[in-house]
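Being a predicted model, the structure only gives us computed values, none of them experimental.
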Amino acid sequence: MSKFKLKKSTHTPEVSTASLPDIVFMLLFFFMTVTVMKDSALKVANELPNATELRKLEKKDRVITVYIGKPESPFDKTLGTEPRIQIDDKFIAMSNFGATILAKMNEKPEHIRPFVTVSLKVDKTASMGLISDVKQELRKIHALKINYTTYEGDAFLNMNAK
């Protein structure tokens, strides 16, 4: 009948690993370009209050973030339990607050300086006196665009904060 016989293979072919390094490097480059590095470590307690009317800040390059709250451990042993002001990774005294904000504004490109917003991330237990002092210092340096960062939720839940 037929001169040719089909040989049945008894083993499966091996999986080619030639493209594996390409896949690994593609993933590496993807994560390198997408990952955002954290710019500062939070050293104060920062439980934000709730609010019902929220708006998202669109351009993050125009924002200077100011944290206000009680120092976390181990900083509470040296600084006490009174609320403090943190900008980047440093605690700022009220006497240096205006100069520090001006220095941060001068780090921004000149064409966006008039549009810089100071975002206050204030712990819900911080005193209004400190927040008022911060606002007065911002008025002195003509930084009039202020944002209060909050969580979305029922504002009446803030009444239980002590």
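From K108, atom NZ reaches atom CG of D61 across 6.5 Å, with rounding to the nearest 0.5 Å. T117 contributes atom OG1, which lies 6.0 Å from atom CG of L57 (distance to the nearest 0.5 angstrom). For the atom pair CD of E137 and CD1 of I85, the computed distance is 8.5 Å after rounding to the nearest 0.5 Å. With rounding to the nearest 0.5 Å, the separation of CG in L79 from NZ in K70 is 14.0 Å.
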Extract all donor-acceptor atom pairs below 3.5 Å that involve side chains of residues 141-156 and protein atoms in other chains or at least two apart in sequence.
residue	atom	partner	partner atom	Å
N147	ND2	S119	OG	3.3
T149	OG1	S119	OG	2.8
D154	OD1	F156	N	3.3

Without placing hydrogens or testing angles, list every side-chain donor-acceptor pair under 3.5 Å for residues 87-106, not counting sequence neighbours.
residue	atom	partner	partner atom	Å
D88	OD2	K104	NZ	2.6
D89	OD1	A41	N	2.6
T100	OG1	N96	O	2.7
N106	ND2	L102	O	3.3

>> Run D123 and I68 through side-chain contact (heavy atoms from CB on, under 4.5 Å) and show every step you take.
In response: CA-CA 6 Å; D123 186 53; I68 300 175; over 6 Å; no
> Under the side-chain contact (heavy atoms from CB on, under 4.5 Å) criterion, do L48 and K121 qualify, and how do the steps go?
Replying inline: CA-CA 7 Å; L48 300 175; K121 291 189 174 184; 4.1 Å; yes
>> Could you walk me through whether V134 and L138 satisfy the side-chain contact (heavy atoms from CB on, under 4.5 Å) test, starting with their C-alpha distance in whole Å, then the side-chain angles of each, then the deciding distance to 0.1 Å, before giving a yes or no?
In response: CA-CA 6 Å; V134 166; L138 290 172; 4.1 Å; yes
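Panel note: side chain T33, backbone F29; a donor-acceptor pair is recorded below 3.5 Å. A donor-acceptor pair is defined here as one N or O able to donate and one able to accept, closer than 3.5 Å; such a pair exists between the side chain of T78 and the backbone of F75.
The pair E72-K43 does not count as a salt bridge, with every side-chain nitrogen at least 4.0 angstrom from each carboxylate oxygen.
Using a 4.5 Å cut-off between side-chain heavy atoms of Ile, Leu, Val, Met, Phe, Trp and Tyr, with links allowed through other members, V24 and L27 fall into different hydrophobic clusters. Hydrophobic cluster membership differs between M26 and M32, with clusters built from Ile, Leu, Val, Met, Phe, Trp and Tyr side chains linked at under 4.5 angstrom.
In the displayed structure, Q136 atom CD is contacted under 6.0 Å by more than 12 heavy atoms of other residues, nucleotides or ligands.
Between L120 and T65 the shortest side-chain heavy-atom distance does not fall below 4.5 Å. At a threshold of 4.5 Å between non-hydrogen side-chain atoms, the residues V118 and V66 count as touching.
Scanning all heavy atoms of the two residues, the minimum distance from P83 to S127 falls at CG-N, 4.5 Å.
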